[in-house]
Protein chains: 2
Amino acid sequence: MSKCEQCIVREFSSLKALTKEELLKLSDCKTSHIIKRGEVIFEEGENVNGIYCIKDGICKLIKLSANGKDHIVKLVTKGELLGQRSMISDEPVNLSAVALEDMHVCFIPKADVMGYFDQNNQFSMNVMKTICGDLKEADDHMVNLAQKTVKERLAETLLYLHDTFGKNEDESLKVQLSRDELASIIGTATESCIRLLSDFKKSGLIELTGKKIVLKDINALKKLAD
Amino acid sequence: MSKCEQCIVREFSSLKALTKEELLKLSDCKTSHIIKRGEVIFEEGENVNGIYCIKDGICKLIKLSANGKDHIVKLVTKGELLGQRSMISDEPVNLSAVALEDMHVCFIPKADVMGYFDQNNQFSMNVMKTICGDLKEADDHMVNLAQKTVKERLAETLLYLHDTFGKNEDESLKVQLSRDELASIIGTATESCIRLLSDFKKSGLIELTGKKIVLKDINALKKLAD
DNA sequence: ATTAAAACATGACATTTATCATATTAAAGA
DNA sequence: TCTTTAATATGATAAATGTCATGTTTTAAT
C-alpha cells in the first residue's frame, strides 16, 4: 500500500495540514480504489461513512431531480476530497459521484478522519474553508441559472472547463463531456445544447471534432458569458 | 446592554454551545442594532469582520447578477447567524443582506468569535453543520432552478414560505414579499410571477388580498411543485 | 467485422417565458 | 388631503427553449 506522506496529491487537499505522524497513521486506515469511467463512487442517499481523496481522474457530482433528469452540480478532480459535507453533517450524501474517466481514489473511514478534526485545528479549518468555497460557488451558480440565458451559460461553462481543467496538446478541452452531460451542467435540453454548440461553431467561437471541443475565440466567449 | 446568556434567541443558533462564561464575555463585545425595513445590513463585497446574530425580524440575502437584476439567494430569520461563511473564508461577504421587516440584530466582532472556534469544539462544529446545511440547500435550489418550470418553482416557494415562516392569524403567509421579490426568489420576470399568481388564484389554489397571500389548497400546490 | 445501441445532429413545431405597452391600484410624501 | 411615485395587473407580442421526429454518425458488443 502506498504511503500518504509520499502522495503528492495530498498537498492540494485539506489533508496538507496533517503532520507526518498523522499521515503515517492515515496510510494504515485508508483503502485504495481504481474506478473505471462511468462507474459510481457513491450514490445519493447512501451512507458513505468516510471521505474519498481523489488521487487521479475526474468525476461528476450529480443530483436526480423530480422529473427524472439529473443535474451535474459540480466536477471534482485530482487533489480534492469527496463526502466532506456528508461526514460533517452526519447525514447520507446528497449527491451521487460518477467517474468521468478512470480514477484512482483513496477512502478514509470517518472514524479516522474525525479524530484529526478535534486534534488538528488547521485541518478542520481547511475543510471548513473548502466547504465555504463550495457554498460561495453554489450561490454564484444559482444566480447564473436563475438569470442567464442558456447561451450565456454554455459560453460560461466552456470557459470554466477551459480555465479549471485545461487543455490537451491538440488544444481541445481536457474534460470530455457528452452533449448530454454538458446540457446537464448548464441546465437545458440536450438538443438545445447541441444546437447552440453548432451555432458557436458556425460563428467561429469553437471547433468541434467528435467529442473534442477547442475554444477558438476566448474573448468573444467571455463577452457572450457576460 | 442586554445579556447574551439571557437571550432566548441564542438557543436556536450555533451559539447555544457556548458556556455561561463565554456568553458573559460575549455580552461585552457585542453591539446591538435596530435595522428598519428596507435597510441594508451589509453589502456584497464588504468586509464585515464579524457575524450578526438575528434577535428579531427577517432579511433577504441577495446577489447582484451581471444583467443588473438581483436574485434572492436565501431568507434568514430570528435565531440565525449572518456572515459566517465570510468570517471563516476570511473574505468579503459574497451576498448583501437587506431587512424585509424591522430587525433587531447583534454584531459580534470576528476577533471575539474566532477565539471560541479554537476553544469550543462544539461551537465550531455547530457553525460547520449550519454551513453544510446551507450547501445542501443550495444544491437542491440549483437543481430546481435548472430543471423545474417557473410554475413549479412558484408553487414550491409558496409552500416553503408557509412551512418555514408560518402564517398570521388571518392565515396569510407571515413573510410579506413584493411580487418583485417573489420573482427574484424563483428566478423569473416580475410580470410572469404576477401572472402565475393570478392563475393560481383563479384555480383556487391561493387567495390574494393586496400583498397578503393565503394558501387555500396546499395539496394541490404540492402536486404542482412535484 | 458486423451488428446493435448509443450519441450526435437538425428540422418542424409547441410551449414557456420575457418584454413592451398600458391601465389600475396602493403607498408614500408634500 | 392631494399628488406623485411605486407596485400590481393584464394584454399583445416576441424571443427563448423544449419536445418530437428522424436521420446520421460514433461507439460498443458479439
Side-chain angles (χ1 to χ4, degrees), chain A residues 36-39 60 65-72 98 100-102 144-157 172-173 176-203 206-213 224-226, chain B residues 36-39 65-71 100-102 144-157 172-173 176-203 206-213 224 226:
Chain A
K36 291 228 173 301
R37 189 170 111 80
E39 280 181 2
K60 55 181 178 182
S65 88
N67 65 27
K69 282 191 209 169
D70 53 25
H71 183 79
I72 297 184
V98 179
L100 286 177
E101 45 185 60
D102 292 355
N144 283 341
L145 284 168
Q147 311 219 330
K148 288 192 175 173
T149 64
V150 174
K151 189 187 281 186
E152 290 168 337
R153 268 141 52 201
L154 174 58
E156 187 172 48
T157 301
S172 66
L173 295 180
Q176 280 202 20
L177 299 168
S178 68
R179 304 294 191 255
D180 191 60
E181 285 168 331
L182 197 49
S184 120
I185 291 181
I186 67 185
T188 190
T190 309
E191 295 95 326
S192 301
C193 175
I194 290 174
R195 232 179 282 274
L196 283 172
L197 281 175
S198 296
D199 290 353
F200 281 11
K201 182 183 176 182
K202 275 173 205 152
S203 319
I206 62 174
E207 213 166 64
L208 296 172
T209 320
K211 263 196 178 49
K212 285 187 183 300
I213 300 177
L224 255 184
D226 249 358
Chain B
K36 291 229 173 301
R37 189 170 111 81
E39 280 181 2
S65 86
N67 65 25
K69 281 190 207 167
D70 53 26
H71 183 79
L100 286 177
E101 45 185 58
D102 292 355
N144 283 340
L145 284 168
Q147 311 218 329
K148 287 191 176 174
T149 65
V150 174
K151 188 187 280 185
E152 290 169 336
R153 267 140 55 198
L154 175 57
E156 186 172 49
T157 301
S172 66
L173 295 180
Q176 279 202 19
L177 298 169
S178 68
R179 303 293 191 258
D180 191 60
E181 285 169 329
L182 198 49
S184 119
I185 291 181
I186 67 184
T188 190
T190 310
E191 295 95 323
S192 301
C193 175
I194 290 174
R195 231 179 284 273
L196 283 172
L197 281 175
S198 295
D199 290 353
F200 280 12
K201 183 183 176 181
K202 275 174 204 149
S203 320
I206 62 174
E207 215 165 63
L208 297 172
T209 321
K211 263 196 180 49
K212 286 185 182 300
I213 300 176
L224 255 185
D226 250 0

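Lettering of chains follows the sequences in order, A, B, ..., and the numbering in each one begins at 1.
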Strictly distance-based, threshold 3.5 Å: is any side-chain N or O of [X] a donor or acceptor partner for the main-chain N or O of [Y]?
| X | Y | answer |
| --- | --- | --- |
| A:Asp102 | A:Arg37 | yes |
| A:Thr157 | A:Arg153 | yes |
| A:Lys148 | A:Ala225 | yes |
| A:Thr188 | A:Ser184 | no |

- request: Might you work through the side-chain contact (heavy atoms from CB on, under 4.5 Å) test for A:Leu197 and A:Arg179, ending with a clear yes or no?
  value: CA-CA 9 Å; A:Leu197 281 175; A:Arg179 304 294 191 255; 3.3 Å; yes
- request: Apply the test side-chain contact (heavy atoms from CB on, under 4.5 Å) to residues B:Asn144 and B:Glu156: give CA-CA distance (whole Å), side-chain angles for both, the deciding distance (0.1 Å), then the verdict.
  value: CA-CA 9 Å; B:Asn144 283 340; B:Glu156 186 172 49; 2.9 Å; yes
Without decimals, in angstroms, what is the distance between [X] [atom1] and [N] [atom2]?
| X | N | atom1 | atom2 | value |
| --- | --- | --- | --- | --- |
| A:Leu196 | D:dA16 | CG | P | 10 Å |
| A:Leu145 | D:dT17 | CG | C1' | 15 Å |
| A:Leu154 | D:dG18 | CG | P | 12 Å |
| A:Asp199 | D:dA16 | CG | C1' | 12 Å |

message: So B:Leu100 and B:Glu181, do their side chains get closer than 4.5 Å, heavy atoms only?
response: yes
- prompt: Within a strict 4.5 Å, meaning less than it, do heavy atoms of the B:Glu152 and B:Leu224 side chains meet?
  reply: no
field: Most 5' of A:Lys69 and B:Arg195 on DNA chain D, judged by nearest nucleotide
entry: B:Arg195
- request: Name the residue closer to the 5' end of DNA chain D, choosing between B:Ser198 and A:Lys151 according to the nucleotide with the nearest heavy atom.
  value: B:Ser198
- prompt: When the nearest nucleotide of DNA chain C is assigned to A:Ala146 and to A:Leu208 on a heavy-atom basis, which residue is associated with the more 5' position?
  reply: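 The residue mapped nearer the 5' terminus is A:Leu208.
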Nucleic acid contacts - residues 180-193 of chain A versus DNA chain D, non-hydrogen atoms under 4.0 Å: A:Thr188, A:Ala189, A:Glu191, A:Ser192
- prompt: Going by distance alone, is a donor N or O of one side chain under 3.5 Å from an acceptor N or O of the other, for B:Asp180 and B:Ser178?
  reply: no
- request: Go through the steps to decide whether A:Lys201 and A:Glu207 satisfy the test side-chain contact (heavy atoms from CB on, under 4.5 Å), and finish with yes or no.
  value: CA-CA 6 Å; A:Lys201 182 183 176 182; A:Glu207 213 166 64; over 6 Å; no
query: Reading DNA chain C 5' to 3', which nucleotide is the first, and which the last, to come under 4.0 Å of any heavy atom in chain A?
result: C:dA7 to C:dA12
message: Could you go through B:Leu182 and B:Leu154, starting from their C-alpha distance and side-chain angles, then the distance that decides it, and tell me whether this counts as side-chain contact (heavy atoms from CB on, under 4.5 Å)?
response: CA-CA 8 Å; B:Leu182 198 49; B:Leu154 175 57; 4.0 Å; yes
Listed pairs, N/O of protein and of nucleotides 25-30 of chain D, under 3.5 Å:
none

